[in-house]
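Read the structure below first, then the notes.
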Number of protein chains: 2
Amino acid sequence: MHQPKNLQSAGLKSTTPRLKILSLFENSKERHLSAEGIYNILHSSGEDVSLATVYRVLTQFEQAGLLLRHHFESEKSVFELNLGKHHDHIVCLQCDHVEEFYDTAIEARQKKIAADHGFTIHEHSLYIYADCTKRNCPNKR
Amino acid sequence: MHQPKNLQSAGLKSTTPRLKILSLFENSKERHLSAEGIYNILHSSGEDVSLATVYRVLTQFEQAGLLLRHHFESEKSVFELNLGKHHDHIVCLQCDHVEEFYDTAIEARQKKIAADHGFTIHEHSLYIYADCTKRNCPNKR
DNA sequence: AATGCGAATGAGAATGGTTATCATTTGCGC
DNA sequence: GCGCAAATGATAACCATTCTCATTCGCATT
């Protein structure tokens, strides 16, 4: 019940722009997309959605729990489908490729550290910035 | 040799704006400051430094290794003196207070995870967003 | 201490990502 | 099919940050 399959169960009317953007996230092979990226993809496939609407829809989807927003080192926000499983990210500095990981030990340490400092964790973000040049860097920039 | 005491050893002329900003970081009790914050502090103490200069100096200091730049959840960059000891951050969502920590286990796990994925770590950022309301939240917003 | 020159600064314009405004259009219950 | 609230598109506005360019300053050299 963390990620509703359709828009109405998220309390959102099913409109053309929303459906297009949602299906983009579900079908694109790149899980992590920016507003501008989405706008460009839609326009290059002949779908006209205004940039303002892209931003509005992304924010709504985030609030509805459909999407997660990330702030990597670039200035723009990046979004991914919220599949309900928390994970952290490795971001390639060469090609912007993003890989996901989850580590029980890190999660546990964080909880303990926050507790030791008297805090209650709300959320956290862990981004590892790295080079994947020795591997097959998929989309060199 | 990681954090030069003065500007010339960092290859920077010692000018009034640079000296003021550096001493602000060295003397202010809040280690983490934004460009706007610095501008405001300087102006309320009668020191006139233009906002453009604040931004320029912060960027130069960062490149010289004097300062570290962080992107917390707010849209603006936050800086702190680079004392040469890496650490991560807990950011209070109530009052923006920042606390630092360092955990050997987390560092080790990160290195291992990156290696397992075939990456070479360049750097990483770990921010824990939390509530310190149960403690004495110093500057309620 | 006066000179000169490249670097630094200030004021304000410009930029890039994102949000707000408002007239027009659309989804959808009746 | 009607009607109205909600959603959209076009564009202006916003905010943090960077750029431009004329003026000023640090500092090495006389």
Side-chain angles (χ1 to χ4, degrees), chain A residues 4 6-24 32-43 45-64 66-80 91 96 141, chain B residues 4 6-24 32-64 66-80 96 141:
Chain A
N6 50 42
L7 295 172
Q8 20 282 335
S9 55
L12 297 167
K13 280 187 191 173
S14 78
T15 68
T16 321
R18 285 173 184 164
L19 291 168
K20 284 178 186 166
I21 292 172
L22 187 53
S23 93
L24 222 175
H32 302 82
L33 298 168
S34 68
E36 198 194 0
I38 290 167
Y39 178 80
N40 290 149
I41 293 174
L42 289 176
H43 273 246
S45 41
E47 320 273 22
D48 283 328
V49 175
S50 94
L51 189 53
T53 299
V54 172
Y55 276 104
R56 270 186 298 237
V57 170
L58 289 174
T59 304
Q60 291 159 347
F61 282 7
E62 184 196 9
Q63 286 167 349
L66 288 169
L67 294 180
L68 295 176
R69 180 194 300 257
H70 296 289
H71 300 96
F72 296 146
E73 284 207 330
S74 93
E75 324 71 49
K76 36 177 70 168
S77 290
V78 170
F79 298 82
E80 70 175 321
V91 182
D96 291 335
R141 55 178 159 194
Chain B
N6 50 43
L7 294 172
Q8 19 282 338
S9 56
L12 296 167
K13 279 187 192 173
S14 78
T15 67
T16 320
R18 284 173 186 164
L19 290 168
K20 284 178 185 166
I21 293 172
L22 187 53
S23 92
L24 223 175
H32 301 82
L33 298 168
S34 67
E36 198 194 1
I38 290 167
Y39 178 80
N40 290 149
I41 292 173
L42 289 175
H43 274 246
S44 53
S45 41
E47 320 273 23
D48 282 328
V49 175
S50 92
L51 189 53
T53 298
V54 173
Y55 275 104
R56 270 187 297 236
V57 170
L58 289 174
T59 305
Q60 292 160 348
F61 282 8
E62 184 197 9
Q63 286 166 351
L66 288 168
L67 294 180
L68 295 176
R69 180 195 297 260
H70 296 290
H71 300 97
F72 297 149
E73 282 207 330
S74 92
E75 325 71 49
K76 35 177 69 169
S77 291
V78 170
F79 298 82
E80 70 174 321
D96 292 333
R141 54 180 163 192

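Every chain is numbered from 1 and lettered A, B, ... according to where its sequence line falls, protein lines coming before strand lines.
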Which part of the nucleic acid, if any, lies within contact of [X], taking any heavy atom under 4.0 Å across all strands shown: a base, the sugar-phosphate backbone alone, or nothing?
X: B:Lys13; result: base
X: A:Ser34; result: nothing
X: B:Arg18; result: sugar-phosphate
X: A:Thr16; result: sugar-phosphate

Quick one: pull up CG in B:Leu19 and NZ in B:Lys13 and give me the separation to the nearest 0.5 Å. 13.5 Å

CZ on A:Arg18 to CD on A:Gln60, rounded to 0.5 Å: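 Reported value, rounded in 0.5 Å steps: 4.5 Å.
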
Could you check whether the rings of B:Tyr39 and B:His43 sit parallel, tilted or perpendicular, using 30° and 60° as the cut-offs? tilted

Taking only the side-chain heavy atoms of [X] (C-beta and beyond), determine which of [options] contains the nearest atom.
X: A:Val49; options: D:dT17, D:dG9, C:dT9; answer: D:dG9
X: A:Gln8; options: D:dA10, C:dA11, C:dC28; answer: C:dC28
X: A:Leu51; options: C:dT9, C:dT18, C:dG10; answer: C:dT18

Under 4.0 angstrom between [X] side-chain N/O and [N] OP1 or OP2:
X: A:Tyr55; N: C:dT18; answer: yes
X: A:Thr15; N: C:dT26; answer: no
X: A:Thr53; N: D:dT8; answer: no
X: B:Ser50; N: C:dA8; answer: no

Atom pair distance, as rounded to whole Å: [atom1] in [X] and [atom2] in [N]:
X: A:Asn40; N: C:dG16; atom1: CG; atom2: C1'; value: 14 Å
X: B:Leu42; N: C:dG10; atom1: CG; atom2: P; value: 10 Å
X: B:Glu75; N: D:dC14; atom1: CD; atom2: C1'; value: 11 Å
X: B:Arg69; N: D:dA16; atom1: CZ; atom2: P; value: 14 Å

Can you work out whether B:Arg56 or B:Val78 has the more 5'-proximal nearest nucleotide on DNA chain D?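 Whichever sits nearer the 5' end wins; that is B:Val78.
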
So, A:Arg56 versus A:Thr59: side-chain donor-acceptor pair below 3.5 Å or not?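 No pair is found: no donor N or O on one side chain lies under 3.5 Å from an acceptor on the other.
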
Working for side-chain contact (heavy atoms from CB on, under 4.5 Å), residues B:Ile38 and B:Phe79: CA-CA 10 Å; B:Ile38 290 167; B:Phe79 298 82; 5.6 Å; no

